[in-house]
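Proteins get letters first, then strands, A, B, ... in listed order; numbering begins at 1 in each.
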Protein chains: 2
Amino acid sequence: MLKIAKSVEYALFAIKYMSEKENKKCSSVAEISESQNIPFDLLAKIMQKLAKGGIILSTQGIKGGYVLNCRPEQISLNRLINILDKKIQFTNCMVDNPTTNDCHRVKNCCIRNPMQKIQNRLNELFDITTVHDLIQ
Amino acid sequence: MLKIAKSVEYALFAIKYMSEKENKKCSSVAEISESQNIPFDLLAKIMQKLAKGGIILSTQGIKGGYVLNCRPEQISLNRLINILDKKIQFTNCMVDNPTTNDCHRVKNCCIRNPMQKIQNRLNELFDITTVHDLIQ
DNA sequence: TTAATTCGGACTAAAAAAGTCGTATTTATG
DNA sequence: CATAAATACGACTTTTTTAGTCCGAATTAA
């Protein structure tokens with residue numbers, strides 16, 4: 001509980017690697033996987049999600065690979081988590097319109113609102129934290 | 001990921017229940033379990049941990065049960081999490097003396113320190129948040 | 001045409017969380 | 001002193017989530 005997903009960790013290393021590449025040359029998954037000690041198949045999936053999320057750009061085919069699409073200063077930790085993992089959700093009822101399926105207490109629950117506030121504070125923290133802050 | 005353990009949630013309801021009991025009378029697990037819709041066996045384990053953690057006091061035998069040992073204002077969310085779940089640990093290496101078993105990168109890891117700082121911020125947030133804040 | 005690459009989904013394995021069960025101990029009360 | 005209602009504690013099972021693997025397809029430079 002209250003752990004950062006491995007995929008987010010791996011993404012940080014991958015982004016750092018790409019950010020240090022000279023001339024904006026693209027990097028292949030194999031290259032990053034080997035140099036950073038990240039399982040190839042897992043990293044491949046992570047990179048695809050990062051590409052879909054607009055953080056990196058992909059080039060297919062031989063000589064293909066990925067390049068950063070934004071600077072690490074522009075990527076928030078929260079964005080990374082949302083793309084790779086899922087939104088921060090302290091409790092099951094922390095969704096827009098909770099049903100009895102999410103929690104039998106549903107709306108008239110005394111802890112829902114206070115919990116929501118704490119969760120918001122965490123979201124703020126993760127919004128102002130950038131990948132650049134995390135990889136130096 | 002980044003979810004509050006169910007046991008912490010249940011503990012909040014139990015503490016609220018006990019705090020509303022008149023005359024500091026003790027409450028049995030059965031009583032709380034039924035009124036709050038929490039599985040009996042699970043709540044029993046939670047109450048034992050809360051007792052060991054000094055948050056409640058137990059009386060054994062028939063007519064036994066639990067009473068609060070401190071006011072909800074005096075119990076931080078962090079304390080509750082530490083007692084019932086485990087310490088907040090963003091990454092495997094967020095321990096005092098990480099070994100290669102925790103992470104092969106061990107100490108010379110560029111994300112360890114920055115991550116530690118963010119984790120500290122969360123710990124601060126959970127330290128200043130009290131159970132009272134969460135159950136109103 | 002080939003080889004190195006990304007794409008995308010299905011699958012498996014491992015770990016963690018949630019929940020259950022059984023037995024022992026304690027103690028007020030008839 | 002026997003009983004019933006309570007806590008104590010550990011082992012176990014089930015469910016859910018995370019991490020990791022595999023495979024076949026599409027793409028593209030040479």
S.K.: Out of C/dG8, D/dT28, D/dT7, which has the shortest distance to the side chain of A/Gln48?
M.R.: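 Closest nucleotide among those given: C/dG8.
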S.K.: From C-beta outward on B/Ile62, which listed nucleotide comes closest to its side chain: D/dT7, C/dA28, D/dT18?
M.R.: C/dA28
S.K.: With axes from five pairs an end, tell me the bend angle of the helix from C/dT1-D/dA30 to C/dG30-D/dC1, nearest 10°.
M.R.: 0°
S.K.: Identify every side-chain donor-acceptor pair in residues 56-73 of chain A under 3.5 Å, counting partners at least two apart or on other chains, and give the distances.
M.R.:
{"unit_1": "A/Asn69", "atom_1": "ND2", "unit_2": "A/Gly54", "atom_2": "O", "d": "3.0"}

S.K.: Can you measure A/Met1 atom CE to D/dT16 atom C1' for me and round it to whole angstrom units?
M.R.: 10 Å
S.K.: What residues in residues 27-47 of chain A put a non-hydrogen atom under 4.0 Å from any atom of DNA chain D?
M.R.: A/Pro39, A/Asp41, A/Leu42, A/Lys45
S.K.: Spell out, as yes or no, whether a donor-acceptor pair under 3.5 Å connects the side chain of A/Gln116 to the backbone of A/Gln119.
M.R.: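 A pair under 3.5 Å: no.
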S.K.: Nearest whole Å is fine: how far is C/dA17 P from B/Lys49 NZ?
M.R.: 10 Å
S.K.: Name every residue in residues 76-100 of chain A that has at least one heavy atom under 4.0 Å from any atom of DNA chain D, in order of residue number, or write none if there are no such residues.
M.R.: A/Lys86
S.K.: Which heavy atom in A/Leu2 sits nearest to a heavy atom in B/Phe90, and how many Å separate them?
M.R.: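 For A/Leu2 versus B/Phe90, the nearest heavy atoms are O-CD1, 3.5 Å.
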S.K.: Scan A/Asp85, A/Ile15, A/Ile4 and name whichever one has a side-chain contact (heavy atoms from CB on, under 4.5 Å) with A/Leu80.
M.R.: A/Ile15
S.K.: Any donor and acceptor pair, going by atom type alone, linking the side chain of B/Arg79 with main-chain N or O of B/Gly53 inside 3.5 Å?
M.R.: yes
S.K.: Show me the donor-acceptor pairs, under 3.5 Å and distance only, between side chains in residues 25-40 of chain A and residues at least two apart or in other chains.
M.R.:
{"unit_1": "A/Ser28", "atom_1": "OG", "unit_2": "A/Glu31", "atom_2": "N", "d": "3.1"}
{"unit_1": "A/Glu31", "atom_1": "OE1", "unit_2": "A/Lys21", "atom_2": "NZ", "d": "3.4"}
{"unit_1": "A/Glu31", "atom_1": "OE1", "unit_2": "A/Ser28", "atom_2": "N", "d": "3.1"}
{"unit_1": "A/Glu31", "atom_1": "OE2", "unit_2": "A/Tyr17", "atom_2": "OH", "d": "2.7"}
{"unit_1": "A/Glu31", "atom_1": "OE2", "unit_2": "A/Lys21", "atom_2": "NZ", "d": "2.1"}
{"unit_1": "A/Ser33", "atom_1": "OG", "unit_2": "A/Ile38", "atom_2": "O", "d": "2.9"}
{"unit_1": "A/Ser35", "atom_1": "OG", "unit_2": "A/Glu31", "atom_2": "O", "d": "3.2"}
{"unit_1": "A/Ser35", "atom_1": "OG", "unit_2": "A/Ile32", "atom_2": "O", "d": "3.3"}

S.K.: What is the separation between atom NZ on A/Lys52 and atom C1' on C/dG8, rounded to the nearest whole Å?
M.R.: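 Atom NZ in A/Lys52 sits about 7 Å away from atom C1' in C/dG8.
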S.K.: Has the side chain of B/Gln48 got a donor or acceptor atom that lies under 3.5 Å from a matching backbone atom of B/Ala51?
M.R.: no
S.K.: Taking all non-hydrogen atoms of both residues, which atom of B/Ala5 and which atom of A/Met1 are closest, and how far apart?
M.R.: CA-CE, 3.7 Å
S.K.: Report yes if a side-chain nitrogen or oxygen of B/Tyr10 is closer than 4.0 Å to either non-bridging phosphate oxygen (OP1 or OP2) of C/dA18; otherwise report no.
M.R.: no
S.K.: Identify the heavy atoms of A/Arg105 and A/Cys109 that sit nearest to each other, and give their distance.
M.R.: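 Heavy atoms of A/Arg105 and A/Cys109 come nearest at CB-CB, 4.0 Å.
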S.K.: Nearest whole Å is fine: how far is C/dT20 C1' from B/Lys6 NZ?
M.R.: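 Interatomic distance, NZ of B/Lys6 to C1' of C/dT20: 16 Å.
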S.K.: Just distance, no hydrogens or angles: give the donor-acceptor pairs under 3.5 Å from side chains in residues 127-136 of chain A, sequence neighbours left out.
M.R.:
{"unit_1": "A/Asp127", "atom_1": "OD1", "unit_2": "A/Asn78", "atom_2": "ND2", "d": "3.1"}
{"unit_1": "A/Thr129", "atom_1": "OG1", "unit_2": "A/Leu125", "atom_2": "O", "d": "2.7"}
{"unit_1": "A/Thr130", "atom_1": "OG1", "unit_2": "A/His132", "atom_2": "N", "d": "3.3"}
{"unit_1": "A/Thr130", "atom_1": "OG1", "unit_2": "A/Asp133", "atom_2": "N", "d": "3.2"}
{"unit_1": "A/Thr130", "atom_1": "OG1", "unit_2": "A/Asp133", "atom_2": "OD2", "d": "3.3"}
{"unit_1": "A/Asp133", "atom_1": "OD2", "unit_2": "A/Thr130", "atom_2": "N", "d": "2.9"}

S.K.: Write down the atom of A/Ser7, the atom of A/Leu84, and the distance for their closest heavy-atom approach.
M.R.: O-CD1, 3.5 Å
S.K.: Provide, to the nearest angstrom, the distance between the CD1 atom belonging to A/Ile4 and the P atom belonging to C/dA16.
M.R.: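 Result: 16 Å.
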S.K.: May I have the distance from A/Tyr66 (atom OH) to C/dT5 (atom C1'), rounded to whole angstrom?
M.R.: 9 Å
S.K.: C/dC7, OP1 or OP2 - any side-chain N/O from A/Ser58 closer than 4.0 Å?
M.R.: yes
S.K.: What's the CD-C1' distance between A/Gln60 and D/dA25, to the nearest Å?
M.R.: 10 Å
